[in-house]
Amino acid sequence: MKNFNYNIPTQIFFGEGKIEVLGKEIKKYGSRVLLAYGGGSIKKNGIYDDVVKELKENDVEYFELSGIEPNPRVESVEKGVEISRENDIDFILAVGGGSTIDCAKAIAAAFYYDGNPWDLVIGKAEIGKVLPLASVLTLAATGSEMDAGAVISNLETNQKYGFGHPDFFPKFSILDPSYTYTVGEYQTASGVADIMSHTFESYFSNEKGAYIQDKIAEGILDTCIKYGPLALKEPDNYEARANLMWASSLAINGLIGYGKDSVWSVHPLEHELSAYYDITHGVGLAILTPHWMEHVLNEDNLYKFVEYGVNVWKIDSGLSDLEIAKLAIEKTAEFFHNLGIPMTLKEVGINEEKLEIMAKAVTDHNEGFVGNFKSLNYDDVLEIFKSSL
Ligand code: NZQ
Ligand code: ZN
């Protein structure tokens with residue numbers, strides 16, 4: 001196990017009715033709030049009313065930024081900065097899924113930067129001060145509620161990049177599983193795929209001594225396999241939504257990544273698909289993952305796929321190692337398919353046309369090689385894209 005410094009500063013208020021802490025918690029940090037949300041789901045399901053009631057009862061002044069898109073655009077960040085400056089905002093509250101929370105993080109940094117916020121995303125300018133922020137999570141998926149990353153898209157340049165800063169950790173996040181009852185089948189399934197992919201990105205590493213991290217990772221995968229289908233069948237099953245919600249946070253908050261030096265593989269590839277075709281993140285991951293697994297499987301890492309197959313999918317350990325590995329990959333694809341996720345690029349509107357451009361863009365952005373479980377060069381990436389068609 002490699003050395004690491006544990007630091008997960010986000011305070012979590014988990015469970016039904018936890019919105020009651022909102023006003024009191026915000027007041028520890030500020031009193032003029034930017035209330036950021038997406039395309040209106042929170043108005044339909046009543047979460048907006050709950051939030052506003054808490055703000056009003058606690059005399060917190062708020063100003064709204066609505067319409068944050070899935071795969072949030074840099075233009076929304078600019079709009080948020082403008083509203084925040086005009087109204088002397090000192091705190092940002094994101095109410096939504098990963099897109100809203102990511103946009104809030106970018107606004108929090110860009111608030112103190114005079115140039116175009118995109119400079120901060122691409123690292124052209126350094127992040128200085130960051131406004132304090134918090135989230136009320138409404139979708140179990142990205143883990144943005146408990147991590148220090150944000151992903152912003154620029155559809156004009158077909159770029160979608162992640163960036164981060166220690167001050168991007170929300171000060172607190174409210175995780176009420178009942179707030180995810182209204183998440184539709186497609187987004188629920190996509191969220192499960194995203195949680196599993198975050199777990200794979202840490203689990204499939206060459207570090208052999210991080211046993212405890214791998215056991216936690218297997219537990220998260222097992223949780224998704226048990227509760228993903230149940231949440232689809234019974235959208236208001238509290239136990240299913242609660243387990244998925246906590247899995248969302250644990251998969252990416254550092255817990256399973258500490259002690260390893262994992263450089264992610266499938267996420268950078270998916271971000272190209274979203275950047276060019278604006279597809280749903282988790283769906284892109286589900287499509288690519290089995291093909292990535294098949295592509296990277298070799299004699300050196302076979303043992304890891306055997307561990308995965310036997311411990312997560314309970315495959316008979318009496319089979320040959322290669323049989324177990326292949327079966328584990330098949331089961332992964334079958335699981336996503338059974339969640340109702342389209343499992344080919346063509347089904348989400350992606351054809352051969354831009355595969356080479358995307359393969360070049362992602363390898364260029366990563367100095368020639370993507371990931372480090374088995375580093376992928378341009379040809380590897382292109383092959384994975386082609387086999388995913
Ligand atoms: O916009 P609204 O109306 O809120 O509707 C959203 C949106 O249409 C809807 N939704 C959310 N909560 C709902 C709900 N509908 C009904 N009931 C609810 N309770 O779901 C749709 C998708 O929302 P979005 O926030 O886009 O989904 P997600 O949480 O999957 O976020 C995806 C974004 O996060 C990035 C992705 O790349 C993508 O841009 N990621 C962020 C990460 C991070 N910060 O650490 C890591 C991830 O790997 C990921 O890259
Ligand atoms: Zn993800």
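Note that the structure is a prediction, hence the values are computed from the model and not measured. Indexing begins at 1, ligand by ligand and atom by atom, following the structure's order. Any value given below was found using the heavy atoms of this structure, including those in side chains, with hydrogens, waters and symmetry copies removed.
Counting the atoms of ligand 1 from 1 in the order shown, those under 4.0 Å from a heavy atom of Tyr179 are 19 (N). Listed by atom number, the atoms of ligand 1 under 4.0 Å from Asp147 heavy atoms are 43 (C), 44 (N), 45 (O). The distance from ligand 1 to the heavy atoms of Gly149 drops below 4.0 Å at these ligand atoms: 44 (N). Listed by atom number, the atoms of ligand 1 under 4.0 Å from His267 heavy atoms are 48 (O).
Among all protein heavy atoms, the one lying closest to atom 9 (C) of ligand 1 is Leu139 CD1, 4.3 Å. Residue, atom and distance of the protein heavy atom nearest to atom 4 (O) of ligand 1 are Ser41 OG, 2.9 Å. The protein atom (non-hydrogen) at minimum distance from atom 24 (P) of ligand 1 is Ser99 OG, 3.4 Å. Among all non-hydrogen protein atoms, the one lying nearest atom 41 (C) of ligand 1 is Asp102 OD2, 3.0 Å. In this structure, atom 1 (O) of ligand 1 lies nearest to the protein heavy atom Gly39 N, 2.7 Å. The protein atom (non-hydrogen) at minimum distance from atom 50 (O) of ligand 1 is His271 NE2, 3.1 Å.
The shortest N or O to N or O distance between Thr100 and ligand 1 is not below 3.5 Å. Polar contact check, Gly98 against ligand 1: a nitrogen or oxygen pair lies under 3.5 Å apart. Of the N or O atoms in Trp264, none lie within a sub-3.5 Å distance of an N or O in ligand 1. Not one N or O of Ala141 is nearer than 3.5 Å to an N or O of ligand 1, by distance alone. Considering backbone and side-chain N/O of Thr180, none are found under 3.5 Å from N/O of ligand 1.
A ring-centre distance under 6.0 Å is not found for His295 and Trp292. Ring centroid separation for the pair His291 and Phe385 does not come in under the 6.0 Å cut-off.
Here Val183 has heavy atoms under 4.0 Å from ligand 1 in both its backbone and its side chain. At a heavy-atom cutoff of 4.0 Å, ligand 1 is contacted by the side chain of Lys160 but not by its backbone. Using a 4.0 Å cut-off between heavy atoms, Thr182 contacts ligand 1 through both its backbone and its side chain. Residue contacts with ligand 1, taken as heavy atom pairs separated by less than 4.0 Å, do not involve Tyr181 at all. With a 4.0 Å heavy-atom cut-off, ligand 1 is reached by the side chain of Asn45 but not by its N, CA, C or O.
Using a distance-only test at 3.5 Å, with no hydrogens or angles considered, no donor-acceptor pair links the side chain of Asp90 to the main chain of Gly30. Ser262 places no side-chain N or O within 3.5 Å of a backbone atom of Trp264 that could act as its donor or acceptor partner.
Among the backbone and side-chain atoms of Asp194, an N/O/S atom is found under 2.8 Å from the Zn ion (ligand 2).
For the residue pair Lys43/Tyr37, the side-chain donor-acceptor check at 3.5 Å is satisfied. A side-chain N or O of Asp102 and one of Ser144 form a donor-acceptor pair less than 3.5 Å apart.
The residue among Thr142, Ile252, Asn253 with a heavy atom at the shortest distance from atom 34 (O) of ligand 1 is Thr142. Nearest residue to atom 7 (C) of ligand 1 from Gly191, Ala150, Gly40, Pro70 is Pro70 (criterion: closest heavy atom). Atom 47 (C) of ligand 1 has its nearest heavy-atom neighbour, among Gln187, Lys105, His198, in His198.
A 6.0 Å sphere centred on NZ of Lys360 holds no more than 12 heavy atoms belonging to other residues, nucleotides or ligands. Within a 6.0 Å radius of NZ in Lys2, more than 12 heavy atoms belonging to other residues, nucleotides or ligands are found. When the shell of 6.0 Å around NZ of Lys226 is examined, it contains 12 or fewer heavy atoms from other residues, nucleotides or ligands. Atom OH of Tyr211 has 12 or fewer heavy atoms from other residues, nucleotides or ligands within 6.0 Å.
Within the 4.0 Å heavy-atom cutoff, Gly184 does not count among the residues contacting ligand 1.
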